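Working notes for the structure below.
All values below were derived from every heavy atom in this structure, side-chain atoms included, with hydrogens, water molecules and symmetry-related copies excluded. Note that the structure is predicted; figures quoted are calculated from it, not measured.
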Amino acid sequence: LGFSSVSKVESSPPVVFSTISSFVMRLLLGEAERLQSFPVLSLAASLVPPFNNLASNVLAIPLENGDVQVHASIDQGPCEVVHRGCPGLSFSDLNWTRHAVEPRTGIEFPMFLDNIVAGEERSRLTSEVLVGTGSRTMTIIRIKSLKIYAFGFYVHPNSVCEKLGPKYASIPMGELIKHRDFYEDLLREDISMTVRLVINCNGIKISTVRDAFEKSLRNRLLKTNPDTDYHCLTTFGSFFTKDIPLPAGTTVDFRRTADGQLITEIGGNQIGVVCSKDLCRAFFDMYIGDIPVSEQTKEEIGKNVASIIGKY
């Protein structure tokens, strides 16, 4: 970078700068090559919340490439969660075509699921309403944040009122959302609910999704029912063995029915059903149970469910 008309002393800084720049470029190129070989950037570390047992708050996901400095803990430190709920929910004047936008990713979520079939509106009693959204991000080598996915949490309003209204309708919202029994009953009762994930980055493998969920669900199943049959988890994991692409924009729905079925859909196509109330409860426990994906989103879900019950 030096010129012949410039003295040796004056040209030294550019030469040093050139050397540093070359070193930095080689370093970044090396990191890029290693990142390409690193399976989905260990995204399993950010798909589900930590849960080994009630005394632990970190679930370590091993890295296959130890040279890549990716924060591999799925506790809430390296993975920032942004939440957005649906305050002031009013069923009488909601627009059935209205969407809520998750602010961090810009991903839209419909206010209702299953509200339109063949161009006609279905009964509101058969639709689930959005009660909270959030997103997950992961920090990569401390210089880049990767927005992995956004999620929306839906519940069946009529079912919520029927199952929880008699017990909780008279309790003020501020007090209700602090009741541990409130969330336990939301999980325990046969209430239809859905978690929708929307993938926000390319490169996530279906096997990574399977491994992440299986590890968290196994520990939550043990908490839910120590005598549970883990066959339900094996069946659930078998749905993710196919070579299903998960490009950015793909929706993954996990739906709990009132009769205890956990239905999994990817891109609108059903890939499997497990009949197990224990598995249903363990799955949604990741979002509204102990050590959830986000305490803030859990609280927002609680507020909106309380609002629904308040109309009971």
Side-chain angles (χ1 to χ4, degrees), residues 35 38-51 59 61 70-86 99-111 113 128 130-140 144-154 193-217 220 236-237 239-240 244-256 262-269 271 283-289 291-298 300-301:
L35 284 174
F38 188 70
V40 284
L41 304 178
S42 192
L43 293 179
S46 303
L47 284 169
V48 294
F51 194 91
L59 178 63
I61 301 296
V70 178
H71 295 287
S73 166
I74 56 177
D75 101 351
Q76 294 176 13
C79 297
E80 182 179 354
V81 180
V82 182
H83 72 286
R84 182 178 187 276
C86 313
H99 287 69
V101 178
E102 195 288 309
R104 188 67 176 271
T105 60
I107 291 175
E108 291 187 345
F109 287 88
M111 288 298 297
L113 287 183
E128 295 177 1
L130 182 67
V131 291
T133 68
S135 63
R136 297 279 287 182
T137 64
M138 182 176 68
T139 302
I140 306 171
K144 175 70 175 177
S145 293
L146 181 65
K147 299 170 186 175
I148 302 169
Y149 70 85
F151 63 91
F153 196 100
Y154 295 80
M193 57 183 65
T194 299
V195 166
R196 166 167 288 188
L197 307 183
V198 181
I199 307 300
N200 192 58
C201 63
N202 293 311
I204 296 181
K205 295 181 180 179
I206 194 71
S207 59
T208 304
V209 177
R210 178 197 63 214
D211 294 344
F213 278 120
E214 279 188 343
K215 190 165 187 178
S216 184
L217 286 172
R220 291 175 187 271
F236 177 75
F239 302 152
F240 299 91
I244 303 175
L246 295 174
T250 301
T251 60
V252 184
D253 290 350
F254 300 97
R255 188 188 310 272
R256 181 177 86 168
L262 183 63
I263 303 172
T264 303
E265 297 179 355
I266 297 180
N269 299 313
I271 66 169
F283 187 91
F284 288 89
D285 184 77
M286 292 190 294
Y287 295 89
I288 57 175
I291 317 177
V293 169
S294 166
E295 288 286 354
Q296 290 179 316
T297 302
K298 173 183 173 178
E300 196 69 38
I301 291 169

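Closest non-hydrogen pair, Glu102 versus Ser135, comes out as OE2-OG, 3.4 Å. Here the shortest heavy-atom pairing between Thr105 and Lys147 reads CG2-CB, 4.3 Å. In terms of heavy atoms, Ile107 sits closest to Ala150 at CD1-CB, 3.8 Å. Closest heavy-atom contact between Leu113 and Pro110: CD2-CG, 3.9 Å. Of all the heavy atoms in Val209 and Leu246, the pair that sits closest is CG2-CD1, 3.8 Å. Between Leu130 and Gly152, the closest heavy-atom pair is CD1-CA, 3.9 Å.
Relative orientation of the Phe153 and Tyr287 rings is tilted, given thresholds of 30° and 60° on the angle between their planes. Ring pair Phe236/Phe240 is perpendicular by interplanar angle, where above 60° counts as perpendicular and below 30° as parallel.
Looking only at distances, a side-chain donor or acceptor of Lys298 sits under 3.5 Å from a matching main-chain atom of Gly289. Formation of a donor-acceptor pair under 3.5 Å by the Asn202 side chain with backbone atoms of Pro247 is not found in this model. Side-chain N or O atoms of Arg136 include one that pairs as donor or acceptor with a backbone N or O of Val293 at under 3.5 Å. Side chain of Arg220 to main chain of Asp285: a donor-acceptor pair is present (N/O by atom type, distance under 3.5 Å, no hydrogens or angles).
Two residues are said to be in side-chain contact when any heavy atoms from C-beta on lie closer than 4.5 Å; Thr133 and Glu300 fail this criterion. Considering only heavy atoms from C-beta on, Leu262 comes within 4.5 Å of Phe284 through its side chain. Two residues are said to be in side-chain contact when any heavy atoms from C-beta on lie closer than 4.5 Å; Val198 and Phe109 meet this criterion.
From Ile266, atom CD1 reaches atom CG of Leu197 across 10.0 Å, with rounding to the nearest 0.5 Å. Phe151 CZ to Thr297 OG1: the interatomic distance, rounded to the nearest 0.5 Å, is 4.0 Å. Between atom CD1 of residue Ile206 and atom CD1 of residue Ile271 there is a gap of 5.5 Å, rounded to the nearest 0.5 Å. Interatomic distance, Arg255 CZ to Thr264 OG1, rounded to the nearest 0.5 Å: 10.5 Å. Atoms CG and CD1, from Asp253 and Ile263 in turn, are 10.5 Å apart once rounded to the nearest 0.5 Å.
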The test is side-chain contact (heavy atoms from CB on, under 4.5 Å); show your working for Val195 and Phe283 and say whether it passes. CA-CA 9 Å; Val195 166; Phe283 187 91; 4.3 Å; yes
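Considering only residues two or more places apart in sequence or on other chains, Thr250 meets the side chain to side chain donor-acceptor pair (under 3.5 Å) condition with none of them.
A distance below 6.0 Å separates the ring centres of Phe254 and Phe213.
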